[in-house]
Structures are given as C-alpha cells and as structure tokens.
Amino acid sequence: MYKRTHTCGELRKDHIDETIHLNGWVNTVRLHGQVIFIDLRDRYGKTQIVFNSEDYNGDFVAVKKLSMEDVLSIKGTVQSRSEGAVNPDMSTGEIEVAVDSMELLSETAPLPFVITDRESALEDLRLKYRYLELRTDELQKNILTRHKTYQAVRSYLSDNNFVEIETPTLMKSTPEGARDFLVPSRIHHGKFYALPQSPQLYKQILMISGFDRYFQIVKCFRDEDFRADRQPEFTQIDVEMSFVDEEDIYSNMEGLTRHIFKELNDVDLPDPFPRITYADALAKYGSDKPDTRYELFLNDVKEFTDRSEFNAFKSAESVKAIVLPGGAKYSRKIIDGLTDFVKKYKAKGLTWMKGENGKLSGGIAKFFDENLQSDLIHATEIKDGDIIFIIGDEKTVVEPALGALRVEIAKREGLADPNIYKPLWVTSFPMFEYDEVENRYTAMHHPFTAPHQDDIEKLETDPASVLSRGYDLTMNGHEIAGGSIRIHSPEIQNKVFSLLGLSLEDAKEKFGFLVEALTYGAPPHGGIAFGFDRLVMILTGSNNIRDVIAFPKTTSAVSLMDDAPNTVSSQQLNELGIQIKPDKN
RNA sequence: GGGAUCGUAGUUCAGUUGGUUAGAACGCCGGCCUGUCAAGCCGGAGGUCGAGAGUUCGAGUCUCUUCGGUCCCGCCA
C-alpha cells in the first residue's frame with residue numbers, strides 16, 4: 001500500500017508537480033481505450049486520477065477491469081488540467097493525478113445498488129447494506145453533522161459548569177410511561193433489569209447528591225410502536241439543574257440551542273425564545289408543538305354556524321375554521337382527500353366554502369344568508385379566491401384535527417420554509433390526563449413534575465384543572481425538548497403518586513428510593529431532555545430519523561443488517577431460567 | 001391493535017379489459033475507443049413476477065391468506 005500523503009478532497013493547483021499517494025474508493029470509471037479516468041473518493045472528497053497507457057508503469061489490462069467501489073492505493077503526480085477539461089463542480093476540479101503505479105487493495109463484489117445514487121434502491125435493501133449506504137454523500141454529511149452537534153453540546157454545557165455523568169443502562173423497571181425493554185438476570189433467576197426510558201430518577205438523585213448542574217448525551221429505550229421520527233433506541237441530551245426555576249432552565253437551554261444552531265448552521269435564533277401556553281397553542285394552532293413558520297390560525301366560528309341553517313354544528317361543543325388564501329383553486333377531489341385526512345383524527349367530516357365576488361359559494365354556503373356571510377367574511381377575513389375549512393365537534397376533536405389539516409395544507413402549499421427555524425416554548429401544561437381505558441389519571445409529563453404553586457390545593461379538589469411546571473421546547477412543528485421543575489417535597493410526591501392510583505405500598509416499592517432521597521435535603525431542581533436525533537434531523541433538514549442514525553432499525557424494530565432481534569440458544573435460555581411460550585396462533 | 005400503500009432482472013421501474021416468447025434504463029460480462037467527468041458506441045448474460053392457496057381453458061394482472069418495507073391513527077409519562 002502507498003500510504004496516503006493527501007486525502008481525496010485536498011489537492012489543488014498548489015500541489016502541481018508534486019508526487020503524491022492517494023487511497024480511496026473508485027467512485028466512477030470512464031474508460032477511453034488507452035486513457036482511463038477514475039474519480040477516487042474518500043470521506044474528504046473526490047479527485048480525478050488518470051491512467052495513460054503510455055506513462056503507466058503497471059498492468060494496464062488490470063486497470064481496465066476496475067469497477068465502482070474497488071479500493072485503490074495510487075502513486076502519481078499532480079498535474080493541471082488542460083483548458084476546457086477543468087471541472088467546476090469539483091473542489092479538486094482544476095487538477096488531476098497522473099497515475100504512475102497502483103495497488104488494488106480490495107476488489108468489490110457486484111454491488112446490490114449504485115452507491116452514487118441513494119434513490120437507486122428501496123430503503124429495506126439500503127438498510128441491509130447499510131455500510132454501503134453510509135458511503136453516500138448525504139449520510140456522510142448527516143453523520144458528520146451529528147458528530148459536530150455532540151461536540152457543540154459538550155463544549156457549551158461544560159463551559160457553563162455542567163458536569164457530564166454516566167448513569168446505569170441496567171436499571172429497575174418502573175411503572176408509568178412507556179413499555180420497558182427488559183433484560184433477564186442470570187444471577188437472579190426470575191428477575192429483570194429494564195433499559196432506561198430516560199435517566200430521570202438518577203439525574204434527580206444526582207441533584208440531591210449536590211452535583212448542581214448535570215448533563216449526559218445518553219441512549220434511551222422505549223418499547224412502543226415506531227414512526228418516521230421514533231426509534232426503539234434514541235439519544236437524549238439530558239440536563240438537570242439545582243436551585244432553579246423555569247426562567248433559569250429557559251435561559252440556559254436557549255443559550256445551548258442558540259449555540260448549536262450558530263455552530264452547525266450559522267443561524268442566529270431569537271433571544272429570548274417566544275412562549276405560548278398549552279391552551280393557547282391548541283386554540284390557535286391545534287397542536288402542542290405548533291409550527292410557527294406560517295399562519296393559518298384556527299378561528300372560532302361557532303357563533304356564525306349557530307346562526308346558520310346548517311344544523312349539524314348546532315350541537316357541537318366547538319366549531320373552528322382555517323382560511324387558506326388562494327385555496328379556492330382546490331378541486332372537489334382534493335377536498336375529498338383532505339376530508340379523508342381529517343377523518344384519521346376522529347373528525348366526522350370537513351365542510352368548506354369558497355370566497356367569490358365578495359360572497360361565499362360552494363360547500364355549505366347555501367345555509368348562510370347574505371348578512372351572515374358578510375359577518376363571517378368580516379370576522380375571518382376571507383377574500384375572493386380563498387377557501388375556509390370548518391370542523392365542528394368536541395373541542396378535543398376539532399383542535400387536533402384542524403391542527404393536523406393546517407400542517408397538511410402547509411405541506412401542500414410549501415408554506416414551511418426549510419431555512420427558517422422558529423423555536424417556541426410551550427408552557428402551562430395540565431398536570432394530569434384522564435385515561436378512559438385504565439379509568440384513572442395519568443401524568444401528562446411524568447409523575448415527578450411539580451404542580452404549579454397556585455394549584456397545590458386543587459390537587460385534592462380538582463386534579464383535572466391543576467397546571468404543572470412542565471415545559472416543551474418546540475421548533476418548526478417538532479418537539480425538540482421537554483422537561484419540568486420537579487417535586488422536591490416527599491409529601492407532595494406521595495400525594496401525586498396516590499392521585500395516579502399508585503398505592504402507598506406500590507409507590508414505596510417502585511419509587512421508594514427516590515422518595516426517601518427527597519427526605520435527606522433535596523434542593524429545588526428541574527431539568528429537561530432534548531431529543532438529540534430530532535434535533536439533528538432539523539439541523540440536516542432530514543424528515544426521517546433513520547437518516548441521522550448510523551445503524552437504525554425499521555418501524556418494526558428490526559435491524560435488517562444484522563438481523564436483530566433473533567433467537568438465542570436453549571442453553572442461554574436455560575441459564576436465565578426462561579422458557580418460550582408457543583405462539584398464540 | 002387498526003388503516004393506507006408498495007413488493008416484477010443485481011437495482012429502479014413499465015407491463016392495457018386476464019391471452020403467444022414478461023420489456024426499458026442503470027449495473028454486470030465481452031468488444032471498440034487517448035480527454036472524459038451520469039463518457040460514448042456494439043454485443044451478451046441475467047426473471048420462482050415476495051410466499052402460499054384459490055377462481056379460470058389460461059393469472060405478473062382477479063380473490064383469499066401470509067411475509068416484508070414505508071407512512072399514518074392508537075400508543076410513545
């Protein structure tokens with residue numbers, strides 16, 4: 001092997017006449033009989049190397065056999081390209097390397113797909129040969145962005161006095177929250193560890209231990225169903241701080257977020273970040289993670305539909321609308337498609353009207369007399385050529401359904417500028433949600449979230465109305481971080497457990513160590529966790545979490561490359577004392 | 001748990017109302033070619049139409065079952 005003296009992205013006019021060595025993969029071959037051009041590639045770039053049968057010292061026939069993704073080591077001389085042969089699309093396009101000798105380090109088997117074109121294979125094939133897909137420009141760039149994001153996080157937090165501390169990966173299974181991944185214990189038959197859904201309890205205990213400002217870039221595991229932005233194992237930037245309130249968390253985390261976006265994308269985020277309450281976010285955007293890059297606000301139009309002849313909405317708790325400027329171009333077919341779309345969110349249908357000659361037409365317009373039309377037009381500012389979409393139902397149906405429609409329409413109309421980043425704090429979440437299936441309250445954030453100071457008495461009388469000290473940081477319609485000020489009083493912690501239907505006994509068994517720790521001088525504390533993968537998705541402009549993870553799993557939690565999960569030997573099962581039940585069918 | 005959608009050559013796709021020998025491009029193999037950069041030109045090999053069952057004289061095409069990918073609802077404190 002000729003050990004490389006330069007990388008494939010490095011050579012310029014300054015290097016002309018130098019004898020150099022390059023190592024890399026054959027990106028493309030252009031064969032012209034007695035002269036052969038090859039673009040040699042490594043992660044730094046591409047350089048054109050030229051084999052000329054008159055100058056080349058080795059076996060020219062062997063060079064003719066080279067194909068894409070063979071691995072080469074070459075010795076040659078940098079030369080300028082003749083005028084007209086310069087390639088302005090390559091950073092090394094002004095030079096080329098005349099090869100003197102070459103060693104074929106590794107010959108590739110026939111490729112399952114073409115590396116230079118990521119779209120040339122379906123995703124399952126690309127995942128099976130992930131090491132090949134990782135050679136593509138796009139994934140190389142994403143993985144590098146991920147790397148730089150780790151470094152930006154570590155340097156900012158470390159510079160601000162945060163201490164990086166590792167917490168266990170084998171921990172105790174706890175009730176509440178997502179399903180745990182379980183790990184059987186060989187030494188303790190019949191007992192299991194759980195993989196952490198997050199290091200929540202450990203980081204609170206670190207505050208009690210006096211570490212004051214903690215962070216960790218940490219893998220978390222949740223055994224639920226997956227989506228374009230959800231993997232069974234994912235990474236969090238986990239942060240906890242002592243002697244703080246919400247404002248301290250906001251200012252520190254805004255600093256971190258601004259630092260990341262400046263370092264990675266040279267973007268200046270606002271200072272401070274805007275805030276909205278959970279209730280307002282739902283009322284105005286129909287979402288607890290609103291994309292504020294565009295308007296399309298939800299309007300309350302119940303007073304107008306109540307005055308109309310359209311009776312279906314008379315009994316509805318809530319009737320809301322969004323107006324799409326220029327939306328009158330939408331055909332019946334498109335509107336039917338949008339109707340099917342909102343039905344996924346439990347809406348029974350989607351009504352609409354179009355602005356035309358200062359009046360409303362189509363859809364349910366005939367149920368609105370002239371006065372009513374003009375009042376509605378005035379209130380919602382419908383103009384000629386616009387369309388208004390209306391949904392009436394329970395408030396808990398109307399807002400999410402219209403919110404989803406708002407996002408769908410923005411996508412259709414290209415309203416979300418990918419180069420704009422709009423952070424937004426969402427605050428004042430309800431403390432509890434009522435779970436109709438389990439017939440009990442569950443924590444909206446988690447059971448360690450402190451109730452709002454003014455609402456503590458209402459824990460007894462009206463739990464549903466209690467607001468928490470939780471907060472989410474959203475950006476462009478994604479939740480990028482979520483956290484809360486924690487409970488640091490053992491009494492209130494026990495009170496919340498009991499409201500969640502955990503008996504004192506259960507609470508003691510599952511979380512007793514935390515409650516006990518709280519009795520030994522717990523500082524007021526709070527924290528947050530960023531979804532690291534989602535953050536990198538936003539930074540890279542990806543819309544798929546698999547594009548920012550080196551070795552991702554499919555939506556059915558399978559790794560197609562190494563075929564995990566898989567069966568284990570009966571000996572392994574025996575040691576663990578585990579017997580596999582036959583399939584249900 | 002539910003819904004939608006996709007599965008045809010190594011790969012990406014086309015394949016009509018069910019009808020003869022399932023096509024194209026890229027890749028691969030062979031040949032020509034000294035200035036290309038998605039090189040070009042000529043030739044060739046390559047198919048269990050995801051799997052299974054059914055309807056039919058006849059199935060890539062219709063029906064059912066099943067496996068896998070993707071997207072979504074539920075779920076994800």
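Note that these values count all heavy atoms, side chains included, but never hydrogens, waters or copies made by symmetry. Chain letters run A, B, ... following the sequence lines, proteins first and then strands; every chain starts at 1.
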Produce the list of close N/O pairs, under 3.5 Å, pairing protein atoms with atoms of nucleotides 65-70 of chain B; give distances to one decimal.
unit_1 : atom_1 : unit_2 : atom_2 : d
B:G69  : OP1    : A:T554 : OG1    : 3.1
B:G69  : OP1    : A:S556 : OG     : 2.6
B:G69  : OP2    : A:S556 : OG     : 3.2
B:U70  : OP1    : A:T555 : N      : 3.4
B:U70  : OP2    : A:T555 : N      : 3.0
B:U70  : OP2    : A:T555 : OG1    : 2.5
B:U70  : O3'    : A:R546 : NH2    : 3.1

All N/O pairs under 3.5 Å across the protein-nucleotides 23-31 of chain B interface:
unit_1 : atom_1 : unit_2 : atom_2 : d
B:G30  : OP1    : A:K65  : NZ     : 2.8

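Looking at the side chain of A:L122, the nearest of the listed nucleotides B:U11, B:U12, B:G35 is B:U12. Side chain of A:D225, nearest nucleotide from B:U36, B:G1, B:U12: B:G1. Closest to the side chain of A:A121, out of B:U11, B:U36, B:U34, is B:U11.
Under the 3.5 Å distance criterion, the side-chain polar atoms of A:N142 are matched with a main-chain donor or acceptor of A:D547.
Side-chain N/O atoms of A:R222 and base N/O atoms of B:C75 include no donor-acceptor pair closer than 3.5 Å. In the interface, the side chain of A:E96 is paired with the base of B:G35 through a donor and an acceptor atom under 3.5 Å apart.
Residue contacts for A:R81: at a heavy-atom cut-off of 4.0 Å it reaches a base atom on one of the strands shown. Among the atoms of the strands shown, none is found under 4.0 Å from any heavy atom of A:D223. Residue-level contact check: A:Y345 touches the backbone only, with heavy atoms under 4.0 Å from sugar-phosphate atoms and none from bases.
Screening residues 50-61 of chain A for side-chain hydrogen bond (donor to acceptor under 3.5 Å, both in side chains), with sequence neighbours left out, gives A:Q34-A:S53, A:N57-A:D100.
Residues A:D124 and A:K128 are not paired through a salt bridge, judged by the lack of any N-O separation under 4.0 Å between the basic side chain and the carboxylate. A:K289 has no carboxylate O lying under 4.0 Å from a charged side-chain N of A:D472, or vice versa, which leaves the two without a salt bridge.
Between A:F448 and A:H446, the ring-plane angle classifies as tilted under the 30° and 60° cut-offs.
Rounded to the nearest Å, the gap between the C1' atom of B:U70 and that of B:G30 is 40 Å. When the P atom is used for both B:U66 and B:G3, the distance is 11 Å, rounded to whole Å. Remark: the separation of the P atoms in B:U55 and B:U63 is 15 Å, to the nearest Å. When the C1' atom is compared between B:A14 and B:C26, the two are found 15 Å apart, to the nearest whole Å. For the C1' atoms, the distance linking B:G27 with B:A38 amounts to 13 Å, nearest Å. B:G15 sits 28 Å from B:U56 when the P atoms are compared, rounded to a whole Å. The separation of B:C33 from B:C41, taken at their C1' atoms, amounts to 9 Å, rounded to a whole angstrom. For B:A24 and B:G35, the P atoms lie 31 Å apart once the distance is rounded to whole Å.
Between the side chains of A:Q200 and A:Y202, no donor-acceptor pair is found at a separation under 3.5 Å.
For A:F432, the ring-ring contact (aromatic ring centres under 6.0 Å, His included) partners two or more places apart in sequence, or in a different chain, are A:Y441. In terms of the ring-ring contact (aromatic ring centres under 6.0 Å, His included) criterion, residue partners of A:Y345 (sequence neighbours excluded) are, by chain and number, A:F341.
Comparing A:T442 and A:S82 against RNA chain B, the residue whose closest nucleotide sits nearer the 5' end is A:S82.
The aromatic ring of A:F113 is not stacked on the base of B:U11, since the criterion of ring centres less than 5.5 Å apart with planes inclined by under 30° is not met.
Searching all strands for a Watson-Crick or G-U wobble partner of B:G7 with both distances below 3.5 Å returns B:C67. The nucleotide B:G40 finds its pairing partner in B:C32, both defining distances of the Watson-Crick or G-U wobble pair being shorter than 3.5 Å. When Watson-Crick and G-U wobble pairs are counted only if both distances are under 3.5 Å, B:A22 pairs with no nucleotide at all.
Shown are A:E123, A:Q231, A:E133; of these, the side chain to side chain donor-acceptor pair (under 3.5 Å) with A:R546 is made only by A:E123.
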*asked:* Within the 4.0 Å limit for protein heavy atoms, which parts of nucleotides 38-48 of chain B are touched? Write it as a string from 5' to 3', B for base, S for sugar-phosphate only, - for none.
replied: -B---------
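Checked against the 6.0 Å centroid threshold, A:H525 and A:H488 do not count as a close aromatic pair. Centroid-to-centroid, the aromatic rings of A:F511 and A:F497 come within less than 6.0 Å.
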*Going through the distances and angles, do A:S428 and A:T277 end up as a side chain to side chain donor-acceptor pair (under 3.5 Å)?*
CA-CA 5 Å; A:S428 307; A:T277 66; 5.7 Å; no
